[in-house]
Structure formats: structure tokens, C-alpha cells
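All remarks here apply to the structure that follows.
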Amino acid sequence: MLVKLRLRVSSSIPRRICQRRFLLTNNTLSNPDESPILTAESPELPSWIKDFLSNKPSSSSSPPISDDEDFVIPSLAGWVQTQKLSQASPVNLAKKPTEDIDKVSDFLNKKDASYTDIVNELSSCDVVVSESLVLQVLRRFSNNWNQAYAFFIWAAKSQPGFNYNHSPLSYNAMVDVLGKCRSFDTMWRVLDEMSSELVTLDTMSKVMRRLAKAGKYNEAVDVFLEMERRYNVRTDTNAMNCLMDALVKENSIEHAHEVFLKLSDTIKPDSRTYNILIHGFCKARRFDDAMGLMKVAEFVPDVVTYTSFVEGYCKEGDFRRVDEILEEMRERGCKPNVVTYTIVMHALGKARQVGEALGVYEKMKEDGCVPDAKFYSSLIHILSKTGRFKDAAEVFEDMTKQGVSRDVLVYNTMISSAVHHSRDEMALRLLKRMEEEEEEGFCSPNVETYAPLLKMCCQKKKMKLLGALLQHMVRNDVSIDVATYILLIRGLCMSGKVEEACLFFEEAMRKGMVPRESTCKMLVEELEKKGMEEAKLKIQSLVQSLV
DNA sequence: ATAGGGTTAG
């Protein structure tokens, strides 16, 4: 569906950017040589943003973005997905899988049809099914299980004369998508259709995690107890650790502990088992229970064990106790490592003890402990949060010179810092840098990369950029999740763009993603305020239809 | 996925 709206978007941004830059340079006389990206903001929103986001070569002669013009708002991600994305890039045209993925995307989005229709009509797509295509479709539609599953089923019995069978990897990806979307009935069906040599601990591990994430702790445990008989997957120590880790990570140390008490007679626990439990108890601030496990005869506490305690006391804000534990570690020849230091530094930064936090950095360097990407990400976050954006950007630039390549978390942290400090163009440039070949440590953006950028678009009413970003997400196989829809709906509501908010709301509902109660309420109230009675009733009936 | 981020901020 294509919705045409006439919009006027503010043209004052470039001037504001200039003014800000002027102020900034005047305020920081001490540091005249800024790194290139800090001075990169040009007076106009440059054409590179458009070229980059539309996947065109940067030498393209297309006119630069003008936020003044009327345009078609790509308000629906579905609309975005039906665009002929591959035509934009000669590079992509050379690659067959890219062509095929867009054919499939086109088809799946055009159809509002039922699942059987999709399966029956997909053949008209004319694509060659391969494992990489299946994996890509599953990634791109990882929040739309209906479409992903329809394609998956069709792919297995497509192509007469061409013998394609789903690989174990594809099966596991399908199971994971169904679990993520909480379509557990369908997930069970797929599992039962898989022959037993296809079902591995990898598969069951995904199932247990997804169940635990949905709060179905007992079912996760049952899967474990049944899996040897039903799927021929061994219930050994490693498998038990997977189960317990899933339970702890999804906040049920109680279930993990119960499993341990019930099974440790028949399945021999190892040091990981104890560390998982200790971590769970520390996370729940049950330090006495954690201590009790430390004293088990066959278990020797290691740096992971101590670090769990450090983290627990950090979250309590008890930094005196943290220091004691760090001292004890050194005494026992179990020196804190980069993970330990990251936890302490981050917690101090969060507690607004920035000086102390940076002291940890110094102490760590003294200890000869080498920072890694996650450490740098924390450091950048702290510096930016305390207003030291310039320093944060410097750390970002410097880290590769220290031999550490940037990962997606580092980029995400820097992008959200840039947005927080109103360096919009720099944020977009960072997104571009992620996919540049010459950058060491190329990494693909994920849904968290885009969130601050999308939020910024909503706040500043940059609707064209918003559309381009959504399109960019699709091209990078980043599936839009319910959290993103909530962000868009709330952000647009707060900017008074309530029609657009409605479009995203309807699309989310159509995809079976239900925004929170408070988000629905916000939208309805906003419509009420604007006297948009008809739209209000429509949204209300949509909400009603779910109950 | 045995320990590290943050999900929403005025």
C-alpha cells in the first residue's frame, strides 16, 4: 500500500549545524586539531547521505537531499520492501543472491494473503533456492514468522528436478525464528518433522532459550528431560549447562537451582555448572547462596567466579566490597581480567563517579591488562554520558591504532552518543563507515544500530531520512521488531505526526506485533487531542479485535 | 551464551 502525504520538512537544519560547529570550535581552543569525522559536518545535508542510503555509487549525479520538497512518505516498511532495491546498485546486480532475495521480499510483502496462498504462488517468483538464500530470507523476516515459514515450506518442495533439502543450519534458523516470534505450536511441528539426525544440541539449545525468554521455564526444563528420548540428543553435562544458562540468563535462578538439585546425581556437574549457578545467585543478590557453592569440594573458584561477585556488588553500589574482592583476587593469584575491569569501570561511570571510573582504566593499564572492543565501548559510553563527547570520539578513533578492531557494539555506542550530542550527520557517517571495506573490522549493523537514528528522525521530523533508513535496514537484512515499531509510534506521536504514527501502528498490528498498552493509549489520546475521531475509532477497534 | 551494554527518560 502506498500512502501519499504532502509534508513540509524544516530546512533550518543545515544552518543550525553550522552554528553549532562555530560555537564548538570557539569553545575548545585547547584542542584545535579535531579528527576528520568531527569536522565533517558540511553546511548542507550532503548528497552522500542519499547516495549511501540508497546504495548508489557516491559519484552519482542525483540531486542532494532537500528536506523542503514534497515527497511520498515510505511510511510502511512493507512499501519499502517492495521497492526495486537491487536496481540502485551495479555491484548488487552482479550478485545473483541479491536479486533473488529481492524477488522473494517483493513477493512476500505484496501478499497480504494466507499462508497456503503464499506457498502455492511462490513458484512464480523464479528464484534458485540455496542455503544462503534461505538463511537470508529467514534473517530478513526474523520478526515475521508467517512470511518466513511460508517461504521455508515452499523452498523445501520447490524446484521440480532440483533436489534441495534444508540444511541443519536452515532448520535451526527456522526453529529460532518461530521461537523468537513465540509461535511455539509451529515450532514443535517443525521439530517433529525434522529427522532425528538433524536435531542437535544446537537446535535444542535455541528451543530452551526461546522458551525461557517467554517465561516458560518449566517447559524449557521438560524439553531437556525429554530430548534424549524424543530427539536422540544426549543429556550430558554440556547440555545441562546450556539449560541452566538459559534459565539464569532469562532470570530464573530458582529453576536453574532446582534443575541442579534434581540432576546433579545423575549428570556430573563441572566448573562451568558451578559458575553458571554462582552467576545466577549473584545476579539475584543472593550472595550467601553463591558463597555456599564456592565451598563445594570439587570446585576451584576462578576469575569468572570472582567476577560474578564483583558484578553483583557493583550493582548493589557497594564499591568498598568490590575493592575487597579485587584485592582478594590478586592475593590468590587470580588476577582481574579485562571483563572484570570493564564491569567495575562501567558501574562507577553509571554511579557518576567518573574520576574513579577512569582510574580503573589507569589501573588496568598498570596491570598490563589489554583493553578489548567491549571495554572501549563502555569507555566511550561513559565519556559521552558525562558530556565528554570529544574524548569519546577520540577513543573511538584511537582504538584501532591500539590494535583493537571495532565491533557492532562499539559502533552502536558511538552512533547513539553522536545522536545524543546532536551530531546527526556524524551518526550517519558512522553508519556508512560500518560497511566500508577499507575500515578494518567490517561489521554489519543490527536493529540497535538504527534505533537512535530512527528516534532522531522522529524528533526532528526528518521523514525522508526516516524512509531511507528503513530501506537501508531492509537491504542489510535487519528485520523490524516490535520495539522499533513502538519507538516509531511514540516518537512520531510526540512530534505531532500522528497520521504517520497510525500507519506504523496498523502495519505492526497487521504483522501480528502488538504494541504495549501504554503505546496504544498514547496514540489514542493524541488522536483525541487532534479531534481525529474517525482515525481514533479505527485504532480503538484494532486494539479491541485482539482481546 | 560460563563473567562485560541497554532496552525509557524530561
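These values consider heavy atoms only, across backbone and side chains, with no hydrogens, waters or symmetry-generated copies. Protein chains get the first letters and strands the later ones, always in sequence-line order, with residue 1 at the start of each.
More than 12 heavy atoms of other residues, nucleotides or ligands sit less than 6.0 Å from atom CD of A:Glu327. A:Arg352 CZ: 12 or fewer foreign heavy atoms inside a 6.0 Å radius. Taking a 6.0 Å sphere around CE of A:Met294, one finds it holds more than 12 heavy atoms contributed by other residues, nucleotides or ligands.
Nucleic acid contact class of A:Arg209 (heavy atoms, under 4.0 Å, all strands): base. A:Tyr341 comes within 4.0 angstrom of no nucleic acid atom, judged by non-hydrogen atoms across all strands.
Side-chain contact annotation: A:Glu298 with A:Tyr274, donor-acceptor N/O pair under 3.5 Å present. A:Lys283 and A:Asn251 share a side-chain donor-acceptor pair at under 3.5 Å. In this model, a donor atom of one side chain and an acceptor atom of the other lie less than 3.5 Å apart for A:Ser378 and A:His346.
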(request) Verify ring pair (Phe, Tyr, Trp, His ring centres under 6.0 Å) between A:Phe396 and A:Phe389, making sure each step is shown before the conclusion. (result) CA-CA 10 Å; A:Phe396 178 86; A:Phe389 179 69; over 10 Å; no

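Checked by distance alone, A:Asp372 brings a side-chain donor or acceptor within 3.5 Å of a matching partner on the base of B:dG4. Between the base of B:dG4 and the side chain of A:Glu311 there is no donor-acceptor pair shorter than 3.5 Å.
Near-neighbour residues of DNA chain B inside residues 323-340 of chain A, defined by a heavy atom below 4.0 Å, number-ordered: A:Asn337, A:Val338, A:Val339. Contacts of residues 238-268 of chain A with DNA chain B (heavy atom under 4.0 Å): A:Asp245, A:Lys249.
Distance A:Ile276 CD1 to B:dA3 C1': 11 Å, rounded to the nearest Å. A straight line from CG of A:Leu487 to P of B:dG6 spans 17 Å, rounded to a whole angstrom. Between A:Met456 atom CE and B:dA9 atom C1' the separation is 18 Å, expressed in whole Å. Summarising the geometry, the separation between NE2 on A:His381 and C1' on B:dG4 is reported as 13 Å, rounded to the nearest angstrom. Separating the NZ atom of A:Lys350 from the C1' atom of B:dA9 is a distance of 14 Å, rounded to the nearest angstrom. Here the P atom of nucleotide B:dT2 and the CZ atom of A:Arg272 are 6 Å apart, to the nearest Å. Computed from coordinates, the A:His420 NE2 to B:dT8 P distance equals 11 Å when rounded to whole Å. The interatomic distance linking A:Gln459 (CD) with B:dG10 (P) rounds to 9 Å, in whole Å.
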Would you mind writing out the side-chain donor-acceptor pairs for residues 357-374 of chain A within the sub-3.5 Å range, not counting sequence neighbours?
{"unit_1": "A:Asp367", "atom_1": "OD2", "unit_2": "A:Tyr341", "atom_2": "OH", "d": "2.3"}
{"unit_1": "A:Asp372", "atom_1": "OD1", "unit_2": "A:Lys374", "atom_2": "N", "d": "3.4"}
{"unit_1": "A:Asp372", "atom_1": "OD1", "unit_2": "A:Phe375", "atom_2": "N", "d": "3.0"}

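In this structure, the nucleotide among B:dG6, B:dG5, B:dG4 sitting nearest to the side chain of A:His279 is B:dG4. Considering only the side chain of A:Lys455, B:dA9 comes nearest among B:dG4, B:dG5, B:dA9. Comparing B:dG4, B:dT2, B:dG6 against the side chain of A:Asn275 picks out B:dT2 as the nearest.
Here A:His346 reaches the OP1 or OP2 of B:dG6: one of its side-chain N or O atoms lies under 4.0 Å away. For the OP1/OP2 pair of B:dA3 and a distance below 4.0 Å, the side-chain nitrogens and oxygens of A:Lys283 include no atom meeting the criterion.
Annotation: cation-pi geometry not satisfied between A:Arg210 and A:Phe184 (NZ/CZ under 6.0 angstrom from ring centroid, within 45° of ring axis).
Under the 30°/60° scheme for interplanar angles, the aromatic rings of A:Tyr485 and A:Phe504 are found to be tilted.
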